[in-house]
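Below is one structure; the comments refer to it alone.
We name chains A, B, ... by the order of the sequence lines, and we start the count at 1 in each one.
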Amino acid sequence: MAELGEKVELYPYSYDRTHNSVQARADESQLVESETKVRFPGRIMAKRGTGKTLFVPISDEWGTLQAYFRKDDLGEERFDQVKRLIDIGDWIGVEGTLFRTRTDELTVKVEDFTFLAKAIRPLPEKFHDMSLENKSRRRHLDLAMNLESRERFKLRSAIITDIRGFFSDEEYLEVETPVLQPLYGGATARPFVTHHNALDMTLYMRIADELYLKRLIVGGFERVYEIAKDFRNEGMDRTHNPEFTMLECYAAYWDYHDMMDLTERLIRRLAITFGNEGKLTYGDLEMDFNQPFARLRFMDALEEKTGQDLMTLSDDEVAAVAKSKGITLKKTMGRDKILDELFSELVEPDLIQPTFVMDHPKELSPLAKAHRESDGLVERFELFVAGFELANSFSELNDPREQRSRFMDQKALIEAGDDEAQPIDEDFLQAMEQGMPPTGGMGMGIDRLVMLLTDSNNIRDILLFPHMRPEGGQ
RNA sequence: GGGCCACUAGCUCAUCAGGUAGAGCAUCUCCCUUUUAAGGAGGUUGUGCCAGGUUCAAGUCCUGGGUGGCCUACCA
């Protein structure tokens with residue numbers, strides 16, 4: 001290393017590439033025939049020497065191209081330098097003509113080469129998969145070693161780009177709302193709490209975008225959406241990370257039926273673009289998005305599973321049904337919470353094909369408009385696919401008097417010890433009091449969606465830098 | 001949160017009943033002018049996660065802690 005550093009530049013400033021690994025393969029016949037000199041940069045992934053020759057697979061973002069160093073071509077001094085001082089992990093650029101080896105591998109016959117960056121720490125061993133922990137903790141190594149990891153994250157990017165394209169086609173305006181909020185709201189979750197020094201005040205990191213996006217509807221924007229990180233101070237597991245990417249969209253004059261149609265258009269488009277003719281495979285499951293999505297009323301689904309019309313039962317009778325289905329009841333659970341538990345237990349596991357679950361109990365949806373026909377229900381839907389809840393949507397509550405009363409109910413829950421209930425947001429109420437048009441809103445968990453579209457069973461596989469405990473304790 | 005399991009060389013893993021640690025890859029030396037998990041000969045590589053305890057003796061058994069994985073519960 002010291003010896004090498006004195007002779008050659010190890011960390012130059014740039015390199016002029018003529019071809020990447022894919023372009024070289026695509027233009028192979030023309031490049032080989034005309035003996036065109038290519039300049040190809042990348043990272044050394046292996047080193048196979050045979051006396052006076054050296055084969056070096058070089059990998060770039062898109063794939064790998066092999067370089068062939070030959071003593072007769074480079075001269076003794078230069079060849080010895082390559083052989084001794086090039087290491088796996090180094091970035092180099094090679095210049096030469098393309099040919100096919102005896103074993104039919106497209107190869108650059110090197111006439112000249114340049115160090116682009118010397119690695120002084122080795123890459124991981126190549127024959128075994130890195131553990132998920134190592135992949136997640138040292139993503140740069142995962143990406144360096146595994147083309148399929150690079151492809152998966154490029155796919156994530158393409159999915160999000162396509163979602164933006166969809167909303168652009170639908171004439172939605174992309175906006176940005178605050179991450180740091182004086183009050184959190186829009187979902188039931190515990191927030192991360194932080195502090196603003198100059199104003200000496202507590203701020204919360206958002207758990208949802210909802211209340212700010214609705215202010216924009218009040219302000220007169222008719223269709224808005226945001227794709228951004230939300231933060232929830234809760235458990236982590238295979239499908240949950242403390243910070244996660246959420247899509248929310250709102251449209252004036254729409255109700256939840258309109259939103260259902262929009263959601264179906266979006267998901268079908270993604271399934272066609274990223275799946276196999278509108279079909280997706282997730283683990284053992286096979287989903288078809290070509291047919292109209294099933295639409296299932298929440299209470300009807302429960303009735304089918306329990307054989308009882310739970311709407312007509314008393315609170316005690318509902319609790320008894322839940323117990324008979326093996327659900328552990330807690331004191332803080334209201335009637336609607338119990339219904340929700342029943343639903344999760346009895347219905348959700350069967351929701352493999354895309355299914356809209358509609359018309360939920362009211363208590364669980366403090367920001368949704370009451371159902372126009374059924375007392376005690378709200379106009380809400382959730383989209384389930386492969387057992388995942390992918391999207392959540394309401395006809396948004398826009399009556400400020402009703403909204404205030406719902407907030408009061410939430411406040412009662414907080415006082416009863418529910419630390420996930422939503423606090424009263426006077427500023428938001430004030431905005432609504434100034435008039436919010438009828439509005440449809442929808443939220444979608446992008447990470448879940450990407451898991452589904454990439455057939456990944458762990459959220460860490462589709463987050464570049466998932467949250468991890470610090471290594472080594474403390 | 002609860003349960004089960006794991007942690008040994010830079011990486012992936014062995015060490016079966018407690019006797020003081022090994023393989024492949026990487027690395028180092030040498031041979032080899034079309035290799036591709038190249039091959040051949042030889043060498044180096046360890047706070048056995050941490051801290052206690054039991055024992056003549058602990059990577060191995062016990063206790064506590066740390067980190068990770070899987071299952072389970074809840075929010076996306």
Find the distance [X]:[atom1] to [N]:[atom2] and express it as a whole number of Å.
{"X": "A/K47", "N": "B/C28", "atom1": "NZ", "atom2": "C1'", "result": "11 Å"}
{"X": "A/D90", "N": "B/U27", "atom1": "CG", "atom2": "P", "result": "10 Å"}
{"X": "A/E105", "N": "B/U34", "atom1": "CD", "atom2": "P", "result": "15 Å"}
{"X": "A/K71", "N": "B/U35", "atom1": "NZ", "atom2": "C1'", "result": "17 Å"}
{"X": "A/I120", "N": "B/U27", "atom1": "CD1", "atom2": "P", "result": "15 Å"}
{"X": "A/L367", "N": "B/A76", "atom1": "CG", "atom2": "P", "result": "12 Å"}
{"X": "A/L123", "N": "B/U27", "atom1": "CG", "atom2": "P", "result": "10 Å"}
{"X": "A/L452", "N": "B/A76", "atom1": "CG", "atom2": "C1'", "result": "13 Å"}

On the nucleotide B/U35, are OP1 or OP2 found under 4.0 Å from the side-chain N or O atoms that A/R102 carries? yes
When you measure from the side-chain N and O atoms of A/N458 to the phosphate of B/C70, is any distance below 4.0 Å, counting only OP1 and OP2? yes
Taking salt bridge (Lys or Arg N to Asp or Glu O under 4.0 Å) as the cut-off, I'd like each qualifying pair that reaches into residues 46-63 of chain A, sequence neighbours left out, listed once. A/E61-A/K154
Step by step, work out the side-chain contact (heavy atoms from CB on, under 4.5 Å) result for A/K83 and A/F69. CA-CA 9 Å; A/K83 209 176 167 190; A/F69 297 85; over 6 Å; no
Scan [X] against the nucleic acid and name what it touches under 4.0 Å (heavy atoms): base, sugar-phosphate only, or nothing.
{"X": "A/R232", "result": "base"}
{"X": "A/D72", "result": "base"}
{"X": "A/D340", "result": "sugar-phosphate"}
{"X": "A/K109", "result": "nothing"}
{"X": "A/Y68", "result": "base"}
{"X": "A/N392", "result": "nothing"}

Check whether the side chains of A/N233 and A/Y184 place a donor and an acceptor atom closer than 3.5 Å, and report yes or no. no
Does a side chain donor of either A/Q66 or A/T107 reach within less than 3.5 Å of an acceptor in the other side chain? yes
Of the options [options], whose atoms approach the side-chain atoms of [X] most closely?
{"X": "A/E341", "options": "B/C74, B/A26, B/U33", "value": "B/C74"}
{"X": "A/K337", "options": "B/A76, B/U33, B/C74", "value": "B/C74"}
{"X": "A/I459", "options": "B/C71, B/A76, B/U35", "value": "B/A76"}
{"X": "A/E389", "options": "B/C71, B/A76, B/U35", "value": "B/A76"}

Stretch residues 48-64 of chain A: residues that reach within less than 4.0 Å of RNA chain B through a heavy atom: A/R48, A/G49, A/T50, A/G51, A/K52, A/T53, A/F55
Is any side-chain N of the basic residue among A/R223 and A/D258 closer than 4.0 Å to the acidic one's carboxylate O? no
Taking atom [atom1] in both [N] and [M], compute the distance separating them and give it to the nearest angstrom.
{"N": "B/U54", "M": "B/G42", "atom1": "P", "answer": "46 Å"}
{"N": "B/C25", "M": "B/C70", "atom1": "C1'", "answer": "28 Å"}
{"N": "B/C50", "M": "B/U44", "atom1": "C1'", "answer": "28 Å"}

Which residue pairs pass the ring-ring contact (aromatic ring centres under 6.0 Å, His included) test when at least one of the two sits in residues 339-361 of chain A, sequence neighbours left out? A/F293-A/F356, A/F298-A/F343, A/F298-A/H360, A/F356-A/F381
Under the rule for ring-ring contact (aromatic ring centres under 6.0 Å, His included), what residues qualify as partners of A/F55, not counting sequence neighbours? A/Y68
By ring-ring contact (aromatic ring centres under 6.0 Å, His included), A/F166 pairs with (sequence neighbours left out) none
Could I get the full list of side-chain contact (heavy atoms from CB on, under 4.5 Å) partners for A/D350, not counting sequence neighbours? A/K305
Determine whether the aromatic ring of A/F388 stacks with the base of B/A76, defined as ring centroids separated by less than 5.5 Å and ring planes inclined by less than 30°. no
